[in-house]
Undergrad: 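Mind having a look at this structure? Questions to follow.
Below, chains carry the letters A, B, ... as their sequence lines are ordered, and counting in each starts from 1.
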Amino acid sequence: MDWLNAIVQGTLLGGLYALFAAGLSLIFGVMRLVNIAHGDLIVLAAYLGLTVTSALGIHPLASLLLVVPAMALIGYGLQRGILNRTLGGDLLPPLLVTFGLSVILQNGLLEIYSADPQKMNAGLLETASVLVGGISLGILPLAMFAIAVAVIAGLQWMFYHTALGRAFRATSDNQAIAQLMGLNRAHVFGLAMALSLAVTGIAGVFLGIRTSFDPSMGGARLIFGFEAVIIGGLGNLWGTLAGGVVLGIAQAIGAQINPGWQLLAGHIAFLVLLAVRPKGLFPRMDG
Amino acid sequence: MPDPILAIAGLDAHYGDFQALYGLDLTVAPGEVIAIIGANGAGKTTLMRSISGLLRNQAEAIRYQGEPIGHLRADQIAARGIALVPEGRQLFPSLSVEENLIIGGQLGRRGPWSLEAIYALFPILEERRAVPSTALSGGQQQMVAIGRALMANPDLLLLDEISLGLAPVIIKTIYDALPGIVSSGMSAMLVEQDIGKALSMSQRVYCLQEGRVSLQGRSDQLSRAEIGRAYFGV
Amino acid sequence: MSASQYRIVQSSGASRIAAALGLIVLALLVLAPYWAGRADLRLLGEVLLYLSLASLWNLLAGYAGLVSVGQQAFVGLGGYALFGLTMFGGLHPVLAVLVAGVIGGLVAMPVAALIFRLRGAYFAIGTWVMAEVFRLSAAQVSALGGGSGTSLPTPVVQSLADGRDAREALSYWLALAMALLALAVVYGVLRSRNGLALTAIRDNELAARSLGIDIWRTKFTVYVIVGALTAATGALLFLQKLRISPDAAFSANDWTAFVIFIVVIGGIGTVEGPIIGVIVFFLLRETLADLGTTYLIILGMFAIGVMLLAPKGLWGMVRARSDIQLFPLRRKVVAKPKD
């Protein structure tokens with residue numbers, strides 16, 4: 001029963017990892033950008049949630065109404081102000097600039113909020129649970145998983161059924177020709193980053209409700225998201241959810257064997273899958 | 001002669017250190033179809049890329065509807081009503097046939113062209129509207145590329161080598177559609193390797209050679225010998 | 001004029017002057033234990049080890065296009081190898097540093113085989129995952145103190161040399177030797193056929209492949225060499241510190257962030273860049289370190305600014321104004337004077 005429980009809890013945790021990963025996957029799909037600061041932006045969102053919650057005295061979930069648009073604005077500004085200048089054929093500039101951003105964000109948060117761990121209090125939501133077949137399911141992990149599924153379904157729908165999604169796919173296919181259709185690449189990329197950070201905003205607030213957080217934990221969140229993306233297969237959003245779940249289950253099983261092995265088990269699962277399925281579980285057929 | 005819709009004066013174009021166009025002059029009148037001919041490397045595609053904004057130029061070198069546009073981005077130029085059917089078709093592989101057409105019209109310019117009008121012009125596209133654009137034959141892809149440009153309801157349509165790599169019967173289908181397209185008052189610039197086609201489709205013709213205009217004149221008045229000299233530079 | 005009137009040279013006038021200046025600087029550095037105080041000597045040793053790390057990362061990222069953000073894996077591995085080999089293998093510390101380098105190279109092979117499956121930026125994060133695996137694994141080794149780490153036992157420290165001054169001097173000379181070795185290896189690789197292949201790959205991977213360059217093997221070779229030397233550098237870093245823990249040994253900030261900033265600021269893809277970068281970095285650190293986190297923010301902004309405004313770094317700005325090369329790599333055809 002312990003093992004089944006570990007698998008179920010790991011699956012639910014995978015929803016959070018999928019939220020970490022979805023934003024990463026989105027911007028890679030649209031502009032081939034890998035954002036090294038992604039994890040630190042998740043942590044930034046958690047701190048924004050904390051600040052909003054304590055300043056206005058509202059429930060952490062209500063803070064989403066402010067955090068998500070704020071993160072989207074930050075994303076748009078970041079892309080138009082800095083990141084668009086780094087995009088070209090060369091791999092190094094975007095990588096090194098986002099790496100620099102990561103260091104700036106981490107130390108900026110340290111400066112403002114100190115290294116003390118913080119946590120958002122969601123009251124009853126954190127402790128409430130339902131008993132299903134002998135396994136106690138927390139309402140919070142359930143809600144997180146449901147929201148991850150909803151976010152990914154929403155992104156998938158946006159990608160394939162809206163004008164914005166069409167613009168994303170066209171720009172991803174061929175930037176110059178998309179420009180001929182009247183799509184301003186700089187703006188399209190700005191919107192992609194805005195959307196990516198909006199999702200990051202949701203991920204950050206849930207992270208802050210689920211665990212205590214501090215400025216140094218961004219790197220690990222980036223890695224979890226990255227692992228979920230690669231396990232699932234690049235450019236496949238539902239695959240990303242599956243990747244998050246695989247990662248969550250591997251960590252839960254590792255923790256079940258020995259608490260010190262939780263993270264290690266996740267990384268090893270990733271490396272094993274990289275060795276046997278380098279294109280991920282669900283590679284995109286159209287490349 | 002009415003004011004030209006497009007007036008190019010002293011246009012230079014560069015790729016890095018390489019200069020592709022040298023002080024090019026050219027005009028297109030409203031409703032006029034002109035043809036651009038010339039050997040490979042003469043600068044025909046560079047000219048198309050410059051007009052459409054894929055290559056940035058000096059602002060005043062290209063004037064469109066009386067305003068300088070040489071410095072504008074491709075999307076800004078598209079919004080003013082210039083559409084390009086690029087060489088090699090260049091459809092969006094991740095988009096279906098219909099999505100390729102819709103995205104061509106996403107600027108929302110008014111005019112005669114709509115999905116229905118494109119489907120009336122090329123009925124095969126309606127049949128295949130939902131398939132990925134990569135699943136089409138070369139000729140059908142060219143129809144989508146032309147339809148995608150028309151969806152923008154442009155005032156000036158640029159066609160770059162639309163017959164390249166297509167079977168003669170397909171080329172005929174596509175060129176048969178052209179008079180109907182431009183009869184609505186649209187201007188067009190046509191880059192074409194087939195000199196006979198270029199002359200029969202256009203009112204005036206420019207011949208480029210090594211980045212310069214080597215000959216220009218009315219399509220029905222130029223002799224084959226003149227064109228041969230201008231084309232090959234002998 | 002016949003072909004015999006031309007010759008191909010790699011050196012230049014400036015490089016001969018630089019060589020003369022370099023010899024003077026080198027002599028000063030070799031003699032440092034006799035003129036520098038203990039604190040300055042330690043700082044100098046650290047500067048030299050950072051120069052080694054930066055040169056190696058530059059070879060990896062700036063020439064081979066392998067942008068790693070996980071070189072702390074090899075720094076930490078080297079450090080832990082030093083501790084393990086001296087504490088349990090009974091090796092002399094200097095020998096242990098050499099063996100640590102060999103271990104680094106050996107470990108780099110399977111690591112490369114695995115993470116070379118990731119392309120571009122994903123390769124970068126893959127190297128980070130590797131470093132995390134190493135860090136978490138090190139925390140599981142209870143013999144070396146687990147998560148809280150351990151100190152180098154006194155007998156091991158004393159076996160290095162008699163007396164504290166002698167130990168400090170030896171440890172410094174080892175750092176100097178390491179920096180020179182790293183520079184020599186980087187320079188040697190770049191001047192070799194492999195170096196030409198690397199440049200070809202960096203400029204155009206497809207064209208390089210069509211010329212019959214085995215890209216995978218060339219990159220693999222570079223990765224393994226860099227892994228070995230980075231591990232040896234790591235062993236020396238922790239021989240200076242005398243204490244190791246997973247968080248310190250596998251610190252992404254200390255062994256990757258700073259190193260990347262050094263190379264970017266100095267000029268990525270040039271042999272001279274890391275030298276300039278390491279000088280600028282330590283000048284900044286010694287003057288601004290009191291600012292703590294603010295210092296890191298300034299450093300990050302500085303690096304971003306350089307990347308956006310002068311992507312070839314400070315050395316690139318010098319090069320843009322003059323044709324100086326201290327380490328001549330380009331081959332020039334020069335006409336011989338007529339007899």
Side-chain angles (χ1 to χ4, degrees), chain A residues 24 28 32-39 82-83 85-86 90-112 114-115 215-216 219-220 222-227 229-230 234 258 260-268 270-272 274-275 277-279, chain C residues 61-62 65-67 69-70 110-111 113-126 128-137 139-140 146-147 202 247 252-253 256-258 260-261 263-264 268-269 291-309 311:
Chain A
L24 210 54
F28 182 81
R32 299 286 175 271
L33 175 80
V34 175
N35 179 7
I36 301 270
H38 189 76
I82 297 176
L83 297 178
R85 295 155 182 257
T86 69
D90 199 359
L91 168 76
L92 268 171
L95 204 64
L96 297 183
V97 166
T98 54
F99 188 73
L101 273 178
S102 154
V103 171
I104 294 171
L105 275 172
Q106 213 179 99
N107 288 285
L109 290 173
L110 210 54
E111 191 95 324
I112 300 168
S114 87
S216 71
L222 165 70
I223 288 178
F224 295 158
F226 156 76
E227 288 175 333
V229 170
I230 301 286
L234 276 176
N258 177 337
W261 291 358
Q262 182 187 353
L263 299 182
L264 202 52
H267 295 324
I268 286 169
F270 162 74
L271 292 176
V272 169
L274 182 62
R277 292 289 297 258
K279 293 210 175 299
Chain C
L66 293 166
V67 186
V69 295
V111 168
L114 195 53
I115 59 175
F116 276 22
R117 291 163 174 244
L118 296 164
R119 312 295 304 163
Y122 279 104
F123 169 83
I125 309 181
W128 197 349
V129 173
M130 269 300 166
E132 280 300 287
V133 169
F134 282 27
R135 181 178 68 83
L136 294 164
S137 304
Q140 296 298 316
R202 184 180 57 169
D247 288 348
N253 257 343
T256 290
F258 292 161
I260 291 180
F261 288 158
V263 177
V264 168
I268 192 162
L291 297 175
T293 52
T294 313
Y295 158 65
L296 292 171
I297 295 172
I298 293 172
L299 199 60
M301 287 176 172
F302 191 32
I304 290 179
V306 168
M307 204 69 229
L308 291 180
L309 304 174

Undergrad: So which of C/R117, C/R135, C/M307 has the largest heavy-atom pair count under 4.5 angstrom toward chain A?
TA: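 Looking at each option in turn, the highest pair count goes to C/R117.
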
Undergrad: Which one, C/L308, C/V67, C/I125, leads in non-hydrogen pairs under 4.5 Å with chain A?
TA: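 Greatest number of close heavy-atom pairs with chain A: C/I125.
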
Undergrad: Could you check, using the six-membered ring where one of them is a Trp, whether A/F226 and A/F270 have ring centers closer than 6.0 angstrom?
TA: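 Yes: the rings meet the under 6.0 Å criterion.
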
Undergrad: Below 4.5 Å, heavy atoms only, C-beta onward: do A/L83 and A/P94 meet side chain to side chain?
TA: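 The answer is no; the side chains never approach within 4.5 Å.
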
Undergrad: If you count heavy-atom pairs within less than 4.5 Å of chain A, which of C/V306, C/L299, C/I260 leads?
TA: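 Of C/V306, C/L299, C/I260, C/I260 has the most heavy-atom pairs under 4.5 Å with chain A.
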
Undergrad: Considering non-hydrogen atoms only, spot the tightest contact between C/F261 and C/A303 and give its length.
TA: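 Result for this residue pair: CD2-CB, 3.4 Å.
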
Undergrad: In terms of heavy-atom proximity below 4.5 Å to chain C, should A/L274 be classed as side chain, backbone, both, or neither?
TA: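 Interface part for A/L274: both.
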
Undergrad: Taking every heavy-atom pair that is under 4.5 Å apart, which of C/V264, C/I298, C/T294 has the most such pairs with chain A?
TA: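 If we count pairs closer than 4.5 Å to chain A, C/T294 comes out on top.
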
Undergrad: Restricting to non-hydrogen atoms, name the atom on C/I304 and the atom on A/G100 that form the minimum distance, rounded to 0.1 Å.
TA: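 Reported closest heavy-atom pair: CD1-C, 3.9 Å.
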
Undergrad: Please report the shortest heavy-atom distance between C/G70 and C/A131, naming the atom on each side.
TA: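 Closest pair (atom of C/G70, atom of C/A131, distance): O-CB, 3.9 Å.
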
Undergrad: What heavy-atom pair brings C/L118 and C/G126 nearest, and what distance separates the two atoms?
TA: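 What the structure gives for the nearest pair is CD1-CA, 3.8 Å.
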
Undergrad: As an exercise: rank A/L110, A/T86, A/I268, A/I230 by heavy-atom pairs under 4.5 Å with chain C and give me the winner.
TA: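 The option with the most such pairs is A/I230.
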
Undergrad: Counting heavy-atom pairs under 4.5 Å to chain C, which of A/V103, A/N258, A/L105 comes out on top?
TA: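 Highest number of heavy-atom pairs under 4.5 Å: A/V103.
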
Undergrad: Report which part of A/L271 has an atom under 4.5 Å of a heavy atom belonging to chain C: side chain, backbone, both, or neither.
TA: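 Both backbone and side chain.
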
